[in-house]
Structure formats: structure tokens, C-alpha cells
Protein chains: 2
Amino acid sequence: MKKGQVTIKDIAKELNISCSTVSRALKDFPGISPNTRKAVKELADKYNYRPNAVALSLRNQRTNVIGVIIPETVHFFFSTVISGIEDEAMKEGYNVMICQSIESFEREADSIDALMSARVDGLLVDISRETSDLAHLQKVVEEGVPMVFFDRLVEGMNAPSVIVDDYQGAYDAVEHLIQQGCKDIAHLAGPGNLIIGRKRIEGYTSALEDNEMPIKKDFIVECRNGTQEEAEQAMDQLLASGKKIDGVFANNDMAALGALKSIKKAGLKIPEDIAVIGYSDWQFCSLVNPSLSSVSQPGYEMGKEACKLIFKEINKTNIEKSTIKILDTEVVVRESSNKLGVIQPLAN
Amino acid sequence: MKKGQVTIKDIAKELNISCSTVSRALKDFPGISPNTRKAVKELADKYNYRPNAVALSLRNQRTNVIGVIIPETVHFFFSTVISGIEDEAMKEGYNVMICQSIESFEREADSIDALMSARVDGLLVDISRETSDLAHLQKVVEEGVPMVFFDRLVEGMNAPSVIVDDYQGAYDAVEHLIQQGCKDIAHLAGPGNLIIGRKRIEGYTSALEDNEMPIKKDFIVECRNGTQEEAEQAMDQLLASGKKIDGVFANNDMAALGALKSIKKAGLKIPEDIAVIGYSDWQFCSLVNPSLSSVSQPGYEMGKEACKLIFKEINKTNIEKSTIKILDTEVVVRESSNKLGVIQPLAN
DNA sequence: AGACTTCGTGCAAACGTTTGTGATGAGAAT
DNA sequence: ATTCTCATCACAAACGTTTGCACGAAGTCT
């Protein structure tokens with residue numbers, strides 16, 4: 001009695017009936033007398049019986065658990081994704097196992113192994129930066145375990161993905177600056193080796209082209225690390241060069257913050273002289289001075305969508321493996337780019 | 001062959017030997033001929049055999065999974081805790097199941113049920129704000145499942161806790177202001193019904209007492225919501241009242257931010273005229289202007305400690321159920337309170 | 001009274017793994 | 001030749017649950 005949680009066996013023994021009867025009584029199967037049914041249910045209630053999910057998993061060959069591999073849990077964006085996954089999973093009666101790869105290939109591979117060993121019903125993975133060898137992921141699809149990628153696109157893998165439209169986000173941001181009256185827009189770009197950064201550059205140039213504005217190579221400055229200081233220096237140089245600049249689209253919010261600093265240092269007004277917009281819509285955007293416009297990425301929604309996709313796969317709804325669900329970003333206008341002074345819906 | 005992952009049975013069948021032999025061969029048990037051992041291992045390797053953790057859990061009556069209940073994943077502090085838990089758990093070969101309660105009692109109870117059903121080996125819980133009825137937690141201890149509370153203290157429950165020393169953190173913050181030369185320190189307090197807020201008020205008053213400074217009731221202003229706007233208004237009033245104030249200790253960083261705004265608005269200099277320090281050391285502290293001093297809470301460490309405690313319980317190391325592990329906070333000095341201009345170690 | 005349904009229940013197998021015990025054979029010791 | 005000792009393996013049970021099948025008793029129909 002004192003050891004662990006109550007099982008069907010315990011109930012059966014106490015009532016001098018068989019396990020099968022208890023099982024059927026609990027699930028209101030036909031063919032059980034009302035008396036037995038009542039007795040079983042009362043005892044189950046009294047002892048706080050909870051079905052053993054482990055035993056069920058073994059029998060049903062499905063665990064009702066989905067595994068998540070994510071670079072880190074501590075970044076705002078990632079934590080919103082996790083939140084979305086968790087909410088959606090709970091709604092479907094699933095539990096979530098989370099492993100962080102910390103951008104390490106080895107840890108990613110180990111985590112996949114652990115989750116496969118746990119026989120998760122599906123795998124949601126945001127691949128680590130370090131990962132180029134895809135063998136460990138290949139095994140997953142070979143063994144028939146549903147997998148969905150999110151956030152970072154993985155090419156050459158037979159699994160659906162849900163990502164954010166970086167191209168369009170950048171496009172929208174730049175178009176917003178143009179609408180605010182900016183004529184000479186610089187771009188503090190991300191490292192060129194990341195797809196994500198290239199997509200944003202493309203969005204930037206397309207927006208300029210579509211508005212018949214010239215694309216100047218020297219207006220695109222690469223900021224490799226994406227730190228505030230780096231961007232501040234880059235902006236310092238841009239301003240010092242004497243180029244006429246009245247708008248800045250930064251590849252990320254930290255860089256935008258660096259730009260803000262530099263511009264203020266130069267004695268210019270934001271957004272009147274130079275409007276600034278960042279990317280990611282981190283929490284601090286609304287807290288800095290001036291508050292920072294940014295492009296918000298739908299992390300929560302991404303988590304939910306990835307979850308929905310994996311459920312479809314698990315339930316064998318025939319789903320095109322090459323599906324790529326692209327989620328829309330949203331330009332959140334705050335002081336740093338609001339030259340026209342149009343009132344915006346509360347963005348915080 | 002095509003269905004799911006390979007099992008010991010599959011290997012046994014292919015080699016025409018029994019499951020037990022395969023099992024023993026894989027684990028290098030004595031009494032297995034080198035030939036058999038080799039054949040088994042090769043096949044296991046070829047088919048990428050992974051032990052079925054579900055079956056193992058059932059047999060061993062332990063899942064190697066710990067469950068975590070946390071209000072939300074999206075807050076910086078919580079996400080650092082999760083990170084700590086995950087790292088420590090992985091180190092011990094455990095997986096982590098996370099459920100967010102979203103501060104809802106009902107969802108907390110449901111999550112506990114789900115995790116108990118999953119037969120987690122231990123439960124790490126940060127109780128929701130809404131929870132006052134502890135019956136669902138009581139059941140957990142009655143059924144002998146190890147449980148450890150973290151972050152928020154739960155009284156009257158027979159389980160260890162790991163928390164942060166709110167009293168000392170507040171004390172240190174105020175003492176820091178005093179060391180910087182502040183004589184008249186106001187406190188933007190949290191809601192009086194939360195233990196956490198009361199502890200900080202105590203720390204505030206004790207620091208003043210120990211430095212033989214008077215405690216003025218009207219220098220403690222309650223900010224119920226903890227929002228920036230609320231704190232800004234409160235600070236406005238304090239300044240308008242004509243009271244001499246040269247230091248502010250805010251119950252949280254948002255409130256501190258409101259104070260900063262108000263003080264700047266009044267044309268006063270920070271920290272020269274008024275020094276400000278917040279609480280929690282959120283990410284944005286180093287990004288605002290002036291950068292905000294704060295009291296950092298060791299979330300990551302808290303996660304690790306909670307994990308270590310639960311492992312001790314799981315392994316029946318006799319551990320005093322009433323253990324309360326109290327973690328130290330740390331004052332992170334930035335511009336908003338650095339009147340003396342002493343160089344501090346990089347706090348970002 | 002026999003055959004046939006109906007009701008309530010029990011048996012056994014299965015999911016994958018481990019492990020105590022028992023079986024088989026070969027070779028060594030008597 | 002008989003017994004004994006290893007070495008090598010197989011069997012079966014157990015973990016908790018579900019479910020197809022069978023079984024006995026009672027009732028219903030001819």
C-alpha cells in the first residue's frame with residue numbers, strides 16, 4: 001500500500017476480480033455489471049488511481065510525448081516558441097520533452113539519441129549553428145519518426161518546416177522607412193554566411209528597387225557579431241564618411257541599439273534626422289529611449305504551427321514532406337522610426 | 001523491418017538466439033561467448049539499436065524523467081531556471097518534461113496529474129500565484145514521489161525548497177546606495193500580499209537601521225502592478241512632494257525604469273542627484289540609458305540546485321525534508337547608481 | 001428438456017527489457 | 001564409463017495495461 005502509485009492490479013486484488021474487469025469498468029466498457037463498475041470506480045477514486053502512462057506507451061506503441069531540440073531556452077524568441085509548443089501540445093494531451101543543444105553538434109546528436117530512446121512520437125528541431133553533418137537527423141526519418149524543423153531551414157532533408165519570412169520582414173521594414181519619407185537608407189547587415197542574413201539583405205534591396213531607389217553597395221555594412229558596440233562603430237564610420245543617410249535598417253535589435261547610440265552621439269535627432277528600425281522585436285525595444293521600431297517574429301505561433309504539423313504527421317494525415325510553412329512578420333512601429341507621428345496600435 | 005526502431009527481439013530473431021542472450025551480450029555480461037557477443041553488437045550497430053526507454057522504465061520502475069511545473073517559459077528569469085535544470089538533468093542522464101501553469105491553479109493541477117501519470121521520478125515545482133489549495137501537491141508527497149519547490153516558497157508542505165534571499169538582496173542593494181553616499185532612500189515596493197515583496201521591504205528597513213538612518217513611512221510607496229507607468233507616477237508624486245530624496249530602491253526593474261523616466265523628466269541627474277537600483281537584473285538593464293543597476297537573481301544556479309536536491313531525494317540520500325536552500329543574490333552596479341565612479345567588473 | 005442467446009467475467013497474450021534459474025553439451029577428473 | 005565442472009545459452013516471470021476470446025450461469029425460445 002505504501003509503495004508508489006496505485007495500479008489496476010491493486011484494485012483488482014482488493015476487489016477479488018481480474019485486471020481486465022477493472023480496466024473495462026474504468027473505461028465504461030459494455031458488459032460490466034453496474035455493481036462492479038461502481039465498486040471499481042469508487043476504489044480508484046479513493047486511491048487516486050492514475051493510469052500508468054509508461055505501461056500504456058509500451059502497449060500502444062506511442063508515448064504521447066513530443067521531443068524538442070532547441071539551441072537555448074534563455075533567449076526570448078526561443079522561449080516564446082517553447083511556450084507555443086507547450087500550449088498546443090497540452091491541448092492535444094501531449095507532453096513535451098525539451099533538450100537544448102547550446103549550438104553544439106555533439107549535444108544535439110546526443111539529445112536526438114535520448115529522445116529517440118524515449119520513443120517520442122515526433123521531433124521538433126531547431127538545428128544548431130554547428131550542425132552540417134545531417135546523419136543523425138537522417139536516421140530519424142529513416143526510422144519513420146515524424147520530424148518537423150522550425151526556425152532554421154534545413155536543406156536536403158525529407159521533413160516539413162515552419163519558418164519566418166525573413167525576406168518579407170526586411171522588405172516591410174524598409175518599405176516602412178520609405179513611407180516615413182526616408183530617401184537614403186543604410187543597412188547594418190548580419191554575417192553573410194547565414195541564410196537568414198542574406199534573405200534580409202534581399203528584402204532590403206528589393207524594397208529599394210520596387211520603390212525605384214538606388215542601391216548603394218557602401219550603404220550595406222556587415223556586422224559580423226551583431227553586438228551593440230560593433231554596430232555603434234559601424235554607424236560612427238557611416239556618419240563620419242559624410243554620406244547622406246536618413247534611415248537605418250538593422251539586421252537585429254542589438255545592432256539597432258548601437259546605431260541609436262551612435263546617432264545620438266553625433267547630435268542627430270531620431271527619427272527626424274535618421275529613422276531606425278531593428279529586427280526581432282526583443283522585449284527591450286519598448287523600453288529604450290527612443291523606443292525602437294522593429295520587426296516582430298511570431299515565435300509563439302511558430303511553436304504552435306510546428307506542433308500542429310507534427311500532429312498531422314503522427315496521425316498519418318498525408319502531408320507533403322516538402323511543406324514549408326512561412327509565417328508572416330509584423331512591423332512594430334515605435335518612436336525610432338515614427339516620423340509621421342501616426343498613432344499606432346499599442347505594440348507592447 | 002520497416003516498422004519503427006529495432007528491438008532486442010528483432011536482433012534475437014535474426015541471429016536465432018534468445019532475447020536474454022542479446023541483452024547480456026550488449027551489456028558485456030559474463031557467460032556469453034565472444035562470437036555471439038560480436039555478432040550481436042555488430043547487428044545492433046548496423047540497425048542502430050537504441051534501448052527502448054519506455055520498456056526500461058516499466059521494468060525498472062523509474063523513468064529517468066523529471067517533471068517541471070513553472071508559471072511561464074517566456075520570462076527571462078524562468079528561462080534561465082529551465083536552462084539550469086536541463087543542464088543538470090542531462091548531466092545525470094535524465095530527461096525533462098516541462099509544463100507551464102500560466103499562473104493558473106487548474107492548469108497547474110492538470111499538469112501535476114499528467115506528470116504523475118507519466119511516472120516522473122521527481123517533480124520540480126514553482127507554484128502558481130493562484131494556488132492556495134495544496135491538495136494536489138499533498139497527494140504527490142503522500143504517494144512518495146520526490147518533490148522540490150523552487151523560486152516561490154510553499155509553507156506547510158513536507159518538501160525541500162530552493163529560493164533566493166530576497167531579504168539579503170534588498171539589504172545589499174540599499175547598503176550599496178548608502179555606500180555611494182545616499183542619505184534619503186525611497187523604496188518603490190511591491191504588492192504587500194506577496195511574501196517576496198515583504199521580504200524586500202524588510203531588507204530595505206534593516207539596511208537603513210543598521211546604518212542608523214531613519215525609516216520614514218512615506219518613503220515606502222507601494223506599486224501594486226509593478227508597471228513602468230505606475231512607478232513613474234509614484235515617483236512623480238514623490239518628487240513633487242518636495243521631499244529630499246537622493247536614492248531609489250525599486251522592487252523590480254520595470255518600476256526602476258519608471259523612476260528613471262520620472263527623474264529625468266524632473267531635470268535631475270542620475271546618479272548624481274538621485275541614484276537608482278532595481279531588482280531582478282533583467283536583460284534590458286544594461287541597454288537602457290543610463291544603464292540600470294540591479295540585483296541579479298541566480299536563476300540558472302537555482303535550476304541546478306533544485307535538480308541536485310531532487311536527485312538526492314530520488315536516490316534516497318537521506319535529506320531533511322524541511323531543507324531550504326537559500327541562494328545569494330548579487331548587486332550589479334551600473335551607471336544608474338555609480339556615484340563614486342568605481343570601475344566595476346563587466347556586468348553584461 | 002434441449003438449444004440458443006445474453007450477461008458478466010476471467011484468461012492469456014502482447015508491448016521491450018532484465019535477470020534468476022534451469023538446461024544442454026563438451027571436456028576433465030575420477 | 002561415470003560423475004563433475006564449466007561454458008553457453010534458453011526459459012519464464014515481471015513491470016501495467018488492453019483486448020480478443022472463451023467460459024459459466026442464467027434466462028429465453030422452441
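Here is the naming used below: chain letters follow the sequence lines, and residue numbers restart at 1 for every chain.
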So, for [X] and [Y], which heavy atoms are closest and what is the spacing to 0.1 Å?
X	Y	value
Thr63(B)	Val120(B)	OG1-CA, 3.6 Å
Ile314(B)	Pro146(B)	CG1-CG, 4.0 Å
Glu313(B)	Val148(B)	OE2-CG2, 4.2 Å

Worksheet item: With sugar-phosphate meaning primed atoms plus P, OP1 and OP2, does Asn16(A) contact a base, only sugar-phosphate, or nothing at under 4.0 Å between heavy atoms?
Response: sugar-phosphate
Worksheet item: With a non-hydrogen cut-off below 4.0 angstrom, is Ser57(A) in contact with a base, only sugar-phosphate, or nothing?
Response: nothing
Worksheet item: Side chains of Asp151(A) and Val164(A): does their closest heavy-atom pair fall under 4.5 Å?
Response: no
Worksheet item: Within a strict 4.5 Å, meaning less than it, do heavy atoms of the Gln100(A) and Arg107(A) side chains meet?
Response: yes
Discussion item. Over 60° means perpendicular and under 30° means parallel, so tell me whether Tyr94(B) and Phe311(B) are parallel, tilted or perpendicular.
Written reply: tilted
Discussion item. Below the 4.0 Å mark, does dT9(C) have OP1 or OP2 next to a side-chain nitrogen or oxygen of Ser33(A)?
Written reply: yes
Discussion item. Rounded to whole Å, please give me the gap between CG in Leu15(A) and P in dT9(C).
Written reply: 10 Å
Practice prompt. Could you state the atom-to-atom distance from CG of Asp28(B) to P of dT8(D) in whole Å?
Written response: 14 Å
Worksheet item: How does protein contact run along nucleotides 13-20 of chain C, one letter per nucleotide 5' to 3', with B for base contact, S for sugar-phosphate only, - for none, heavy atoms under 4.0 Å?
Response: -BBBBBBB
